[in-house]
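Letters A, B, ... mirror the listed sequences (proteins, then strands); counts begin at 1. Both backbone and side-chain heavy atoms feed into the values below; hydrogens, waters and symmetry mates do not.
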Amino acid sequence: MRLVVSYLTFAAQFYQFMNTSVRVRFAPSPTGPLHIGGVRTALYNYLFARKHDGSMILRIEDTDQGRFVPGAEQYIIESLAWCGIHFDESVVAGGPHAPYRQSDRKTLYKQFSDKLIASGHAYYAFDTPEELEELRKAAEAEKQTFTYNTSTRKQLRNSLTMAADEVDKLIGEGTAFVVRFLIPENTEVIMEDIIRGKVVVKSETLDDKVLYKSDGMPTYHLANIVDDHLMEISHVIRGEEWLPSLPLHVLLYQAFGWDAPQFAHLPLLLKPDGNGKLSKRDGDRLGFPVFPLQWNDPKTGETSSGYRESGYFPDAFVNMLALLGWNPGTEQEIFSMDELIGAFSLERVGKAGSKFDPEKTKWFNHQYLVKRSDSSLAEDFSIFLQEKGITSDNETITKVVSLVKERVNFVKEIWNESYFFFETPTEYDDQVVKKRWKAETPGLMRALAEILATIDAFEPSNLDEAIKVWIETNGYGMGAVMNALRLLLVGAAKGPHLADIMAIIGKDETLKRISKGLSSLPQ
RNA sequence: GCUCCCAUCGUCUAGUCAGGCCCAGGACGCCAGGUUUUCAUCCUGGUAACAGGGGUUCGAAUCCCCUUGGGAGUACCA
């Protein structure tokens with residue numbers, strides 16, 4: 001007969017009824033830069049917390065001393081801050097459950113490991129990594145997988161197979177040991193996931209995971225459960241890669257006699273082409289950032305590009321990420337953080353992985369760029385101008401920005417669409433010359449220059465009117481005149497309305513460009 | 001291999017829980033046309049999907065089963 005174990009305790013359900021506060025955590029490991037999948041997990045946690053007036057906690061899970069990467073923790077904090085994801089409790093802000101870095105909580109975990117041993121839910125194991133490695137290899141040679149579980153633990157060196165005094169002796173001598181969880185036999189672990197529904201696993205397919213390492217540190221599994229319990233986490237929202245660990249975690253809560261939080265396992269972010277989890281290499285290969293901020297690896301010296309440095313607005317980036325795997329069920333696509341908070345629900349998170357689309361990400365940035373005020377855009381753009389050694393007044397830059405912003409996705413692209421406002425053309429596009437610069441054009445341009453010279457107020461409306469009258473009076477073709485004029489003023493077949501260009505560069509510059517062009521182009 | 005998860009246009013997705021309103025809607029991309037003094041924007045239109053097979057049902061994208069495909073996990077990593 002199977003013993004049915006369900007983590008779905010009444011208390012967990014009561015969180016809703018009792019209006020007990022929602023408390024969620026983002027718990028990254030500082031082993032490198034946080035990639036956009038991690039940012040999305042943090043974002044969903046944040047949206048959920050804010051939506052329910054709950055608390056958002058940042059906990060650093062650095063129980064693997066061998067994988068510590070200097071700067072990674074700071075990177076994570078800075079990245080999330082850039083995204084507008086703020087924490088109520090964290091290594092920086094502190095909080096009622098401090099410390100929030102697991103390495104700083106090290107001494108805490110042993111008592112919980114001991115407790116599990118005392119209650120018979122865990123045991124000591126003395127097998128060395130080398131011995132286990134050998135067993136794995138041997139199994140692999142026979143196309144099998146070695147698993148430390150019900151079927152093998154009776155043959156291994158642990159407190160299940162050894163006499164109590166021998167175990168005591170070994171430990172007393174300082175022999176290295178780990179603590180393993182004793183997976184119960186013949187049990188069905190029944191789990192409830194907010195996104196996936198009911199998931200059932202037979203306990204004998206699970207293995208006796210290490211809870212406490214020989215270096216005196218807990219593994220992720222132990223530390224995670226202990227801290228989530230101690231920190232009173234109500235909902236665990238994390239990536240789908242953790243789903244296979246859920247049975248263990250549920251069993252752990254049971255072993256401790258604790259109420260488990262509710263779980264929600266998010267679908268993964270997949271590479272844009274083909275299949276598989278999005279990775280750093282995909283970004284390099286396909287030319288888009290996979291990290292929020294630029295990252296300089298302290299070990300390899302390698303630099304990875306970031307969304308911030310690539311010119312993305314944080315709110316556009318967040319908006320894009322929010323819609324990857326979640327949707328509001330309406331046709332709205334542009335959301336501020338506050339709107340996301342209002343609309344978000346875990347029930348509307350999909351189950352299937354989402355392929356990341358760099359093109360749509362650019363579209364989002366375009367939407368935000370167009371929406372941004374001309375003056376704030378001008379402020380950003382003037383930094384690019386300064387770098388190019390170009391000086392111009394704010395009013396001009398603002399006007400220029402307003403004329404070209406519809407055409408670009410990024411602030412840095414404004415230059416390509418507006419350089420001719422700041423620089424006199426030095427060369428003329430061959431194709432355009434061929435197409436627009438006819439034998440009669442020079443005469444036309446000279447005559448036009450004379451007309452323009454008589455206009456004092458270089459305003460778009462005046463210019464349009466004067467040119468129109470002149471063209472109509474003389475029976476010229478609008479295209480013949482304007483395209484040639486554009487060639488002289490811009491040097492290419494591009495740019496906004498000509499009168500707007502002339503009004504901004506002014507009368508002197510306009511006339512100068514015409515005469516300069518006339519002297520360098522064929523007569 | 002084993003365990004678990006997943007499956008609608010090229011991509012993100014609506015619709016699936018409560019079967020008919022769906023010969024499947026929106027967005028990105030792409031293509032065409034229109035507006036325009038250029039380019040772009042913009043507007044209009046188009047392209048394009050229920051993985052396959054069985055059931056259940058008067059009726060299935062929606063429910064069930066199988067197959068196929070994809071993903072994740074399988075460490076003294078998280």
Output the rounded distance in Å from [atom1] ([X]) to [atom2] ([N]).
{"X": "A/E140", "N": "B/rG1", "atom1": "CD", "atom2": "P", "result": "14 Å"}
{"X": "A/E188", "N": "B/rC4", "atom1": "CD", "atom2": "C1'", "result": "14 Å"}
{"X": "A/I36", "N": "B/rC12", "atom1": "CD1", "atom2": "C1'", "result": "13 Å"}
{"X": "A/Q431", "N": "B/rU38", "atom1": "CD", "atom2": "C1'", "result": "14 Å"}
{"X": "A/K468", "N": "B/rU36", "atom1": "NZ", "atom2": "P", "result": "13 Å"}
{"X": "A/E359", "N": "B/rG29", "atom1": "CD", "atom2": "C1'", "result": "7 Å"}
{"X": "A/L487", "N": "B/rC39", "atom1": "CG", "atom2": "P", "result": "14 Å"}
{"X": "A/L286", "N": "B/rG10", "atom1": "CG", "atom2": "P", "result": "18 Å"}

[X] ring center near [Y] ring center (under 6.0 Å):
{"X": "A/F410", "Y": "A/Y312", "result": "yes"}
{"X": "A/Y476", "Y": "A/W470", "result": "yes"}
{"X": "A/F177", "Y": "A/Y124", "result": "yes"}
{"X": "A/W415", "Y": "A/F420", "result": "no"}
{"X": "A/F344", "Y": "A/W326", "result": "yes"}
{"X": "A/Y220", "Y": "A/H249", "result": "yes"}

Please check this pair: side chain of [X] against backbone of [Y], looking for a donor-acceptor N/O pair closer than 3.5 Å.
{"X": "A/D127", "Y": "A/R157", "result": "yes"}
{"X": "A/H121", "Y": "A/L251", "result": "no"}
{"X": "A/D374", "Y": "A/K399", "result": "no"}
{"X": "A/E413", "Y": "A/N409", "result": "yes"}
{"X": "A/N45", "Y": "A/I237", "result": "yes"}

For [N], give its Watson-Crick or G-U wobble partner with both distances under 3.5 Å, or none.
{"N": "B/rA40", "value": "none"}
{"N": "B/rA27", "value": "B/rU11"}
{"N": "B/rC21", "value": "none"}
{"N": "B/rG59", "value": "none"}
{"N": "B/rU35", "value": "none"}
{"N": "B/rA72", "value": "B/rU3"}

Query raised in the report: Which parts of nucleotides 70-78 of chain B does protein reach within less than 4.0 Å, heavy atoms only, written one letter per nucleotide 5' to 3' as B for base, S for sugar-phosphate only and - for none?
Result: SSSS-SBBB

Query raised in the report: When you measure from the side chain of A/V201, which nucleotide among B/rC28, B/rU38, B/rU3 comes out closest?
Result: B/rU3

Requested in this report: With the side chain of A/D357 defined as its heavy atoms from C-beta on, choose the nearest nucleotide among B/rC28, B/rC6, B/rU38.
Outcome: B/rC28

Are [X] and [Y] packed together at the side-chain level, in the sense that at least one heavy-atom pair is separated by less than 4.5 angstrom?
{"X": "A/V236", "Y": "A/Q262", "value": "no"}
{"X": "A/D315", "Y": "A/S336", "value": "no"}
{"X": "A/M231", "Y": "A/Y100", "value": "yes"}

Report summary line: Residue pairs meeting salt bridge (Lys or Arg N to Asp or Glu O under 4.0 Å), one or both in residues 345-364 of chain A, sequence neighbours left out, come to A/E333-A/K360, A/E359-A/K362

Query raised in the report: Can you say whether the rings of A/H35 and A/F291 are parallel (under 30°), tilted (30 to 60°) or perpendicular (over 60°)?
Result: tilted

Say you pick atom [atom1] in [N] and the same atom in [M]; how far apart are they, in whole Å?
{"N": "B/rA51", "M": "B/rG69", "atom1": "P", "value": "16 Å"}
{"N": "B/rU3", "M": "B/rG10", "atom1": "C1'", "value": "32 Å"}
{"N": "B/rA7", "M": "B/rU16", "atom1": "P", "value": "14 Å"}
{"N": "B/rC30", "M": "B/rC6", "atom1": "P", "value": "34 Å"}
{"N": "B/rU67", "M": "B/rC31", "atom1": "C1'", "value": "37 Å"}
{"N": "B/rC22", "M": "B/rA32", "atom1": "P", "value": "32 Å"}
{"N": "B/rC58", "M": "B/rG15", "atom1": "C1'", "value": "23 Å"}
{"N": "B/rG54", "M": "B/rA75", "atom1": "C1'", "value": "43 Å"}

Output one line per pair: protein atom, nucleotide atom from nucleotides 13-18 of chain B, and distance, for all N/O pairs under 3.5 Å.
{"unit_1": "B/rU13", "atom_1": "OP1", "unit_2": "A/G325", "atom_2": "N", "d": "2.7"}
{"unit_1": "B/rU13", "atom_1": "OP1", "unit_2": "A/S354", "atom_2": "OG", "d": "3.1"}
{"unit_1": "B/rU13", "atom_1": "OP2", "unit_2": "A/S354", "atom_2": "OG", "d": "3.1"}
{"unit_1": "B/rU13", "atom_1": "O3'", "unit_2": "A/N327", "atom_2": "ND2", "d": "2.7"}
{"unit_1": "B/rA14", "atom_1": "OP1", "unit_2": "A/N327", "atom_2": "ND2", "d": "2.5"}
{"unit_1": "B/rA14", "atom_1": "O3'", "unit_2": "A/R348", "atom_2": "NH2", "d": "3.3"}
{"unit_1": "B/rG15", "atom_1": "OP1", "unit_2": "A/R348", "atom_2": "NH1", "d": "3.1"}
{"unit_1": "B/rG15", "atom_1": "OP1", "unit_2": "A/R348", "atom_2": "NH2", "d": "3.1"}

Query raised in the report: Under a 4.0 Å N-O cut-off, is there an ion pair linking A/R101 with A/E73?
Result: yes

Requested in this report: State whether A/E61 and A/R59 are salt-bridged, where the test is any N-O pair (Lys NZ or Arg NE/NH1/NH2 against Asp/Glu carboxylate O) under 4.0 Å.
Outcome: yes

Every protein N/O lying under 3.5 Å from an N/O of nucleotides 24-27 of chain B:
{"unit_1": "B/rG26", "atom_1": "O4'", "unit_2": "A/E331", "atom_2": "OE2", "d": "3.2"}
{"unit_1": "B/rA27", "atom_1": "O4'", "unit_2": "A/E333", "atom_2": "OE1", "d": "3.3"}
{"unit_1": "B/rA27", "atom_1": "O2'", "unit_2": "A/E333", "atom_2": "OE1", "d": "2.4"}
{"unit_1": "B/rA27", "atom_1": "O2'", "unit_2": "A/E333", "atom_2": "OE2", "d": "3.3"}
{"unit_1": "B/rA27", "atom_1": "O2'", "unit_2": "A/K360", "atom_2": "NZ", "d": "2.7"}
{"unit_1": "B/rA27", "atom_1": "N3", "unit_2": "A/K360", "atom_2": "NZ", "d": "3.4"}

Protein-nucleotides 40-50 of chain B N/O pairs closer than 3.5 Å?
{"unit_1": "B/rA40", "atom_1": "N3", "unit_2": "A/R407", "atom_2": "NH2", "d": "3.4"}
{"unit_1": "B/rU41", "atom_1": "O2'", "unit_2": "A/E406", "atom_2": "OE1", "d": "3.0"}

Query - First encountered from the 5' end of RNA chain B, between A/K143 and A/P496 - result: A/K143

Query raised in the report: Quick one: on RNA chain B, does A/M482 or A/T205 contact a more 5' nucleotide (nearest heavy atom)?
Result: A/T205

Report task. Give me the one residue out of A/I183, A/N158, A/L135, A/V210 that meets side chain to side chain contact (heavy atoms under 4.5 Å, CB included) with A/Y148. Result -> A/N158

Could you pull out the protein-nucleic contacts involving nucleotides 64-67 of chain B (nitrogen or oxygen on both sides, under 3.5 Å)?
none

